[in-house]
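Note that the numbering runs from 1 along the sequence shown for the chain.
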Amino acid sequence: MNILVIGCGRVGINLAERLDEHGHDVAIIDADVDRFRALSDTFTGLTICGMPMDMRVIQNAGVENCDAVAVVTSDDNLNITVSQIVKEFFGVENVLARISDPAREKVFQKFGLKTVCPTNLAGDAMFAALTQPYEHKNLTFGVSTVSFTCVPIQEQWAGKDIRKIEKTDDEHSVFGVVHTDGSMDLCTIHREILLQQNDVLIFANLCD
């Protein structure tokens, strides 16, 4: 896909680099040329310095040939204005706008714009972390699937090195531990990790 990212802050850089790594043709716009220095050395996309609201700048970035545009500056008002320009004047249907204020989300939706609100996403993640139990998860890599199971540590495991914890059976191996503050440590043969009360062990199993 040919994708234009407007805004070279942390969100814009993260998005542009991910898209670039996955083989998409990416261009990124920002009014501050110094911000482009934060892009990875491996970034192969185009960088265009100019005001995002300037239609000539957007046009020079190739918006008319874009499959999608993401407007992700830190200014909600700028994002909605630029998104409307891209959608109405240049005919791009797939426009995604970042919005920091959840109260404005309905305004964006009235204009037919897709939105992502980091404030709501963070709130949802924290709510889930506080109220929902750890669940069984499966991840597929290529043709193999790994099953992850989370288990609260047993009382006798507190104070022990994670490397001393035995497998629950012949198939499940200790993968890591989630601490009470939400941080995670992965189990390696070279690193001592002392388990604490209320920690949660992660066991991994390669499925057939």
For residues 86-93, which side-chain donor-acceptor pairs fall under 3.5 Å, sequence neighbours excluded?
| unit_1 | atom_1 | unit_2 | atom_2 | d |
| --- | --- | --- | --- | --- |
| Lys87 | NZ | Glu93 | O | 3.4 |

Without placing hydrogens or testing angles, list every side-chain donor-acceptor pair under 3.5 Å for residues 39-53, not counting sequence neighbours.
| unit_1 | atom_1 | unit_2 | atom_2 | d |
| --- | --- | --- | --- | --- |
| Ser40 | OG | Thr42 | N | 3.1 |
| Ser40 | OG | Thr42 | OG1 | 2.8 |
| Thr44 | OG1 | Asp20 | OD1 | 2.5 |
| Thr44 | OG1 | Asp20 | OD2 | 3.4 |

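For Pro102, the side chain to side chain contact (heavy atoms under 4.5 Å, CB included) criterion is met by Cys117, Thr119, Asn120, not counting sequence neighbours. For Asn94, the side chain to side chain donor-acceptor pair (under 3.5 Å) partners are Lys114, not counting sequence neighbours.
Within the structure, salt bridge (Lys or Arg N to Asp or Glu O under 4.0 Å) pairs that include any residue of residues 53-81 comprise Asp54-Arg56 (at least two apart or interchain). Every pair tested for salt bridge (Lys or Arg N to Asp or Glu O under 4.0 Å) that includes a residue from residues 192-201 fails, sequence neighbours excluded, so the list is empty.
Considering only heavy atoms from C-beta on, Ile29 comes within 4.5 Å of Val57 through its side chain. The closest side-chain heavy-atom distance from Ile202 to Met184 is below 4.5 Å. Side-chain contact between Ile58 and Val82: present, with at least one pair of heavy atoms (C-beta onward) separated by less than 4.5 Å. In this structure, the side chains of Ile13 and Cys8 come closer than 4.5 Å at one or more pairs of heavy atoms.
Ser183 contributes no side-chain N or O that, together with a main-chain N or O of His179, makes up a donor-acceptor pair within less than 3.5 Å.
Using modelled atom types, one finds a donor on one side chain and an acceptor on the other under 3.5 Å when comparing Thr73 with Asn79.
Summarising the geometry, atom CD1 belonging to Ile193 is positioned 8.0 Å from atom CZ belonging to Arg163; distances are rounded to the nearest 0.5 Å.
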